[in-house]
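Note that these values count all heavy atoms, side chains included, but never hydrogens, waters or copies made by symmetry. Order of listing sets the numbers, starting from 1, for every ligand and every atom in it. Small disclaimer: the values here were computed from a predicted structure and weren't measured.
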Amino acid sequence: MINVSQPSLGVEELAAVKEVFESNWIGKGARVDAFEAAFAEHIGVRPENVATLNTCTEALFLSMKLLEIGAGDDVVLPTTSFVAQANAIAAHGARPVFCDVDPRTQNPTLADVQAAITPATKAVMVLHFGGYPGEVEQIAEFCRERGIFLIEDSANSVASRVDGQAVGTFGDIGAWSFDYAKMVVAVDGGMIYARDPKLIERARKIAFFGLEQESNSSQAERHANRWWDIEVSSFGRRTIMNDVHAAVGHVQLTKLPSFVAHRRSITERYDALLAGVPGVVVPPPLPAGHENSYYFYWVQLPEGIRDQVAKELYARGIYTTYRYTPLHRVGAYGADVSLPKAERAAECTLNLPIHQSLTESDVDTVVAALRDVLANLI
Ligand SMILES: *Cc1c(COP(=O)(O)O)cnc(C)c1O
């Protein structure tokens, strides 16, 4: 089976894990600090502006709490988004207000966002679909002018930039994921960025029971007397990262440039081989100054055949999927709106395999199978 996505973990990650095991400290400690510092450098911010977490979902949930978003507040987000985004909003009592997206990039344009703004809009939450930055600059500027918070779910876009600036740092809060399906894998893990370092201080406390003290091996050194006493500043939970995961994530981060280069070459090969195939529309070119992470590769097909194409490719050993089912169609969010561009894209888009272990010959296999399946259907 050619997988749609797959992690690339090697001997270097295993060696890093072995070292952590042998140190006898597997909790949150020096490796987490080192990973945070390396990630901050990667996105061009200071270490006090980021904190690791156990997941990206936790970063999105925390963003609501840190920005004090709750009952009576609206949060605008593209309907073509990951479920965790809408869950974070709804779970805090706020209302997710879904906006439409550009049908080609599946990112919301500034105009799409503007069309969904209400008097109660307190924040906008965007996703950079498949690694395409989208109109993040324009959306950030609009939010700043209007006094609306911007939260960037950058789980798809760990290496994406606009004019050299990392996406995820254009707004007030950014969130990244290091789960099994992402480009930088920490087994599981997340990162939160906040423009205001005070929010990161708060995030760190909430992520560790709301304690004033940090979880760290050097705790005993810092409290000469009665280091077992506690002070609680908020009723927090335990959503910190550990040194085992941080060690894996850190090694992966050093490999990120090669991961991006490989995915870029896969993307270019798909683009070249699919150009001119009847019925296939490939992703649009990147605007000047935009850098992609090449997280997704997708094609758009004539109406009515996408599901059948997916089934036939699966039968030939090629796993494809669709990202992301429009959330306004999910009953739990109770949104009675029509978002025609996203709805159309959701019926004709198919995500093709792309990952760091995919070979040129795998790409050739996928393209040949797709051509063959399409020739019988159109
Ligand atoms: C993977 C993903 C998440 C959730 O990340 P976890 O670390 O698994 O919680 C959130 N948003 C997007 C866009 C994702 O791709």
Looking at non-hydrogen atoms alone, which of [options] comes nearest to [atom]?
atom                    : options          : value
atom 8 (O) of ligand 1  : D179, D188, L53  : D179
atom 10 (C) of ligand 1 : F61, F82, F129   : F82
atom 6 (P) of ligand 1  : G190, S177, A181 : S177
atom 2 (C) of ligand 1  : K182, Q85, E58   : K182

Per-atom contacts of ligand 1 with [X], taking only distances under 4.0 Å to non-hydrogen atoms:
X    : result
G189 : 7 (O)
L127 : 13 (C)
D153 : 10 (C), 11 (N), 12 (C), 13 (C)
Y324 : 13 (C), 15 (O)
A155 : 2 (C), 11 (N), 12 (C), 13 (C), 14 (C), 15 (O)

Using a heavy-atom cut-off of under 4.0 Å, does the side chain or the backbone of W176 touch ligand 1, or both, or neither? neither
Classify the ring geometry between F98 and H328 as parallel (under 30°), tilted (30 to 60°) or perpendicular (over 60°). tilted
Establish, from distance only, whether the side-chain atoms of E212 and S233 form a donor-acceptor pair under 3.5 Å. yes
N or O contact, C56 vs ligand 1, cut-off under 3.5 Å: yes
Ligand 1 to T57 polar contact by distance, N or O atoms, under 3.5 Å: yes
Identify the residue among E12, K182, E13 that makes a side chain to side chain donor-acceptor pair (under 3.5 Å) with Q252. E13
Which of R323, Q300, R104 passes side chain to side chain donor-acceptor pair (under 3.5 Å) with T349? It is Q300
Is the centre of the F178 ring less than 6.0 Å from the centre of the F39 ring? yes
Could you check, using the six-membered ring where one of them is a Trp, whether Y270 and W298 have ring centers closer than 6.0 angstrom? no
If we only count heavy atoms from C-beta on, is the I139 to F170 side-chain gap below 4.5 Å? no
Which of these, L127, N107, D102, sits in a side-chain contact (heavy atoms from CB on, under 4.5 Å) with Y132? N107
